Number of protein chains: 2
Amino acid sequence: MANIRDVARISGYSVSTVSRVINQKNYVSEKTRAAIQKVVDDLDYVPNDVARDLSRGKTFNVGVVLPHSDHPYFTQLIHGITTAAFAAKYHVVLLSSRYDAELERDYLEGLRRKAYDALIFTSHGLPLTQLARYRKYGSIVVCEQPGASGIPAAYAHRRTTYREALAYLKAQGYHHIGLMLSRPIAVSATSQATADAYRAVFGSKPATKDCATDVITLADGQRAATDFIKRGLQFDAILANSDDIAIGVTRAYRQAGLPVPFLIGQEHQLSGEVAHLPTIDHYFKKVGENALQLAISGAATNIAIDATFIAKQ
Amino acid sequence: MANIRDVARISGYSVSTVSRVINQKNYVSEKTRAAIQKVVDDLDYVPNDVARDLSRGKTFNVGVVLPHSDHPYFTQLIHGITTAAFAAKYHVVLLSSRYDAELERDYLEGLRRKAYDALIFTSHGLPLTQLARYRKYGSIVVCEQPGASGIPAAYAHRRTTYREALAYLKAQGYHHIGLMLSRPIAVSATSQATADAYRAVFGSKPATKDCATDVITLADGQRAATDFIKRGLQFDAILANSDDIAIGVTRAYRQAGLPVPFLIGQEHQLSGEVAHLPTIDHYFKKVGENALQLAISGAATNIAIDATFIAKQ
DNA sequence: ATACGTTCTCGAACGCGTTCGAGGTCAAGA
DNA sequence: TCTTGACCTCGAACGCGTTCGAGAACGTAT
């Protein structure tokens, strides 16, 4: 396949002049431009993107680290990220992590290796301080409150909305509340926010036995609820970490022939809509768009938006 | 940042020897290896991926063209593709197309520009013959029956399963059937398959008025059903192109205060499970895995799997 | 002792586009 | 007329890792 030097040789102009023609830069006479363009067309020449990236020192790739590509939280986030990336002519590279520290580190190394210009962590296993070390190699964005790490972040405020949802439960007279969490409170800012809100509303930390962790899918929700039942826990209400998961909970209780506790879901999913569940919408598409903006602008700021508690739908 | 020549200079060895050390190749004495490794560690050197890609002439990128990143068909496909790509150490680059011919062509050009080693079209607007022209620049895979185009394909057999589903409707005594399609019959192999199955079962092509097109989301399903109602069409049953869409149809009829026709969904989605809808599972995760395998192997074959009609769930 | 096969290392070319400094031309302003 | 400032083009260096051909050193088989 032809390269820029072939075009130069055949057209009789220099490589640099050919370069300015294909990049439509100034200072090329119309005559020259036309002559070179003709050779470009004849040879069917197109510049090599990799060589370009190398010489420009930039790839326009944004790596998106996501633990589970089938989870709705990530699906919505990805949707926002790709939408914004497309508009900005950036490329989205999907990176599966399954919260594996080694993989995450490998992706961070990708920043050093110049494989990506920026990295968005939709969630992460490594501590933020470790992520922060790689900021000198490229822009890093997380999708949660970044605490003192200083890492730019795009996220939805969870605490207030969780408080609102839990206060709603309290107002309805529910006091024995079960919580479904995607990850243990110690390692996840989201779980932490849920626990904090619980304490703010009910005056004490949620009991460990009332919290199910590692609940990601509908099946997990069903399993976790079955476990609650087995352990003889009787909840008035359960705050599930997605609408789908709430559906899983419903099934478990139905299967056990027990009354279903009052349920609140999250993420405003179709399943919740169909079942008329109260839910919390974190607007993850918007969060994804914000994350990408931060990633490519390299701005060292945060963009937070408010989540909404939807009591009736 | 240090490059391989720095390592060579400082260690006193040649660039080629350093290269074999970092790539763990043969023919390096232990003493030399250790000396070079020390310099690599001291300088904190890592090879530049872009330079590597350029010199190897390979990027390990697979571009995945998808019209809608929020559609469940594509979500499932992407899930399969990323899973397989991860295992094979390939990178998945997401490419939004919205069926825009210009965009699709641009992505095909990406193959020439060496931006991707391979391209997977989860769906496409351009005719297959046009896609086929770019095969000389890299491997191309489509996720549908490739007809005479010769393009490698990974897909689920639809015709037989559609026939099965429609025969089921006929056996149940339903004769006036509405079809919801994502795209017009003329441009979509999927819609074509649906129409063919209809003809096989009912002996004639489906009437144009009985087919709604451009139905992608739940809201589209609702809109299309509302339109059916407005036009005074009375269906015994409707074959929807996803479970979510079937839910949209249900809503439209409920809202109009009319009895809901018998519904069959597709894709075995959660919404359909909750509503106990019959559905067709095309196993798109598996199809995605197959597509990626084809893309990176460069094999010029097809991998078809069978879809399943699930009458009761 | 000669020949051959390994092992080890090097230099240079290669993949390919971008960009900077330099040098030449030409017209307008002083 | 001289200066100044576009305008136009070129050559070479740069970004950086891979790989091929060649050559040196050493051991072993004949």
Side-chain angles (χ1 to χ4, degrees), chain A residues 1-40 43-61 109-117 137-138, chain B residues 1-40 43-61 109-117 137-138:
Chain A
M1 222 172 308
N3 64 33
I4 198 171
R5 276 167 240 271
D6 295 329
V7 176
R9 188 167 32 74
I10 294 172
S11 67
Y13 288 92
S14 72
V15 166
S16 37
T17 303
V18 174
S19 178
R20 34 183 7 99
V21 169
I22 58 181
N23 290 298
Q24 313 186 52
K25 290 201 187 161
N26 288 330
Y27 301 144
V28 181
S29 70
E30 180 48 33
K31 178 170 153 280
T32 306
R33 206 202 53 68
I36 291 178
Q37 189 58 53
K38 175 158 183 356
V39 176
V40 165
L43 293 182
D44 211 19
Y45 166 75
V46 277
N48 178 312
D49 272 354
V50 183
R52 236 180 201 177
D53 288 348
L54 174 61
S55 100
R56 294 211 244 248
K58 194 169 174 177
T59 58
F60 289 90
N61 288 340
E109 286 290 326
L111 229 36
R112 286 180 74 195
R113 289 188 314 253
K114 304 279 182 195
Y116 328 108
D117 292 350
Y137 302 115
Chain B
M1 220 175 307
N3 65 33
I4 198 170
R5 276 166 241 269
D6 296 329
V7 176
R9 190 169 29 76
I10 294 172
S11 66
Y13 288 92
S14 71
V15 166
S16 39
T17 304
V18 174
S19 177
R20 34 185 5 100
V21 168
I22 57 181
N23 290 298
Q24 313 186 51
K25 290 201 186 159
N26 289 330
Y27 300 143
V28 181
S29 72
E30 180 48 33
K31 179 170 152 281
T32 305
R33 205 201 55 68
I36 291 178
Q37 189 58 53
K38 177 158 180 357
V39 176
V40 165
L43 293 183
D44 210 19
Y45 166 76
V46 277
N48 179 311
D49 272 354
V50 183
R52 235 179 203 177
D53 288 348
L54 173 61
S55 99
R56 293 211 244 249
K58 194 171 173 176
T59 59
F60 289 90
N61 288 341
E109 285 290 327
L111 229 36
R112 285 179 75 195
R113 292 188 312 254
K114 303 280 183 193
Y116 328 108
D117 292 351
Y137 302 115

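We name chains A, B, ... by the order of the sequence lines, and we start the count at 1 in each one. Model, not experiment: these values are computed from the prediction. Side chains are part of it too, since the values below use all heavy atoms of this structure and drop only hydrogens, waters and symmetry mates.
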Determine which bases of DNA chain C form Watson-Crick or G-U wobble pairs with both distances under 3.5 Å, and write the result as a 5' to 3' dot-bracket string with | for other-strand partners.
||||||||||||||||||||||||||||||
Would a 4.5 Å heavy-atom cut-off, applied to side chains only, mark [X] and [Y] as touching?
| X | Y | value |
| --- | --- | --- |
| B:L43 | B:V7 | yes |
| B:I36 | B:V40 | yes |
| B:K114 | A:M1 | yes |
| B:I4 | B:I22 | yes |

Whichever of B:Y27 and B:R52 has its nearest DNA chain C nucleotide further upstream toward 5':
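It is B:Y27, whose closest nucleotide lies nearer the 5' terminus.
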Assuming nearest nucleotide by heavy-atom distance, tell me which of B:S16 and A:N3 is located more 5' along DNA chain C.
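Of the two residues, B:S16 wins.
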Please state how far atom [atom1] in [X] lies from atom [atom2] in [N], giving the value in whole angstrom units.
| X | N | atom1 | atom2 | answer |
| --- | --- | --- | --- | --- |
| B:L54 | D:dG17 | CG | P | 11 Å |
| B:R20 | D:dT18 | CZ | P | 11 Å |
| A:K25 | D:dT9 | NZ | P | 15 Å |

OP1 or OP2 of [N] less than 4.0 angstrom from a side-chain nitrogen or oxygen of [X], does that happen here?
| X | N | value |
| --- | --- | --- |
| A:T17 | D:dC10 | yes |
| A:N23 | C:dG17 | no |
| B:Y45 | D:dG17 | yes |

What is the nucleic acid contact for [X], judged by heavy atoms within less than 4.0 Å: base, sugar-phosphate only, or nothing?
| X | value |
| --- | --- |
| A:S29 | sugar-phosphate |
| A:K58 | nothing |
| A:S19 | base |
| A:V28 | sugar-phosphate |
| B:V50 | nothing |

Do B:R5 and D:dG17 have a side chain to base donor-acceptor pair shorter than 3.5 Å?
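Per atom types, the contact qualifies.
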Looking at the side chain of A:A51, which of D:dC10, C:dC16, C:dT18 is the nearest nucleotide?
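Minimum distance to the A:A51 side chain belongs to C:dC16.
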Between the side chain of B:N23 and the main-chain N/O of B:K25, is any donor-acceptor distance below 3.5 Å?
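A pair under 3.5 Å: no.
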Can any side-chain N or O of B:R112 pair as donor or acceptor with the backbone N or O of A:D44 at less than 3.5 Å?
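Yes, because the side chain of B:R112 sits within donor-acceptor range (under 3.5 Å) of the backbone of A:D44.
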Distance from A:S11 atom OG to A:K38 atom NZ, nearest 0.5 Å?
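These two atoms lie 11.5 Å from each other.
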A:Y13 and A:T32: CA distance, side-chain angles, deciding distance, side-chain contact (heavy atoms from CB on, under 4.5 Å) verdict
CA-CA 8 Å; A:Y13 288 92; A:T32 306; 3.3 Å; yes
Review item, nucleotides 23-25 of chain C N/O atoms under 3.5 Å of protein N/O:
none

Keeping to residues at least two apart or across chains, list the salt bridge (Lys or Arg N to Asp or Glu O under 4.0 Å) pairs with something in residues 26-36 of chain A.
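Of all non-adjacent pairs touching residues 26-36 of chain A, those that pass salt bridge (Lys or Arg N to Asp or Glu O under 4.0 Å) are A:E30-A:R33.
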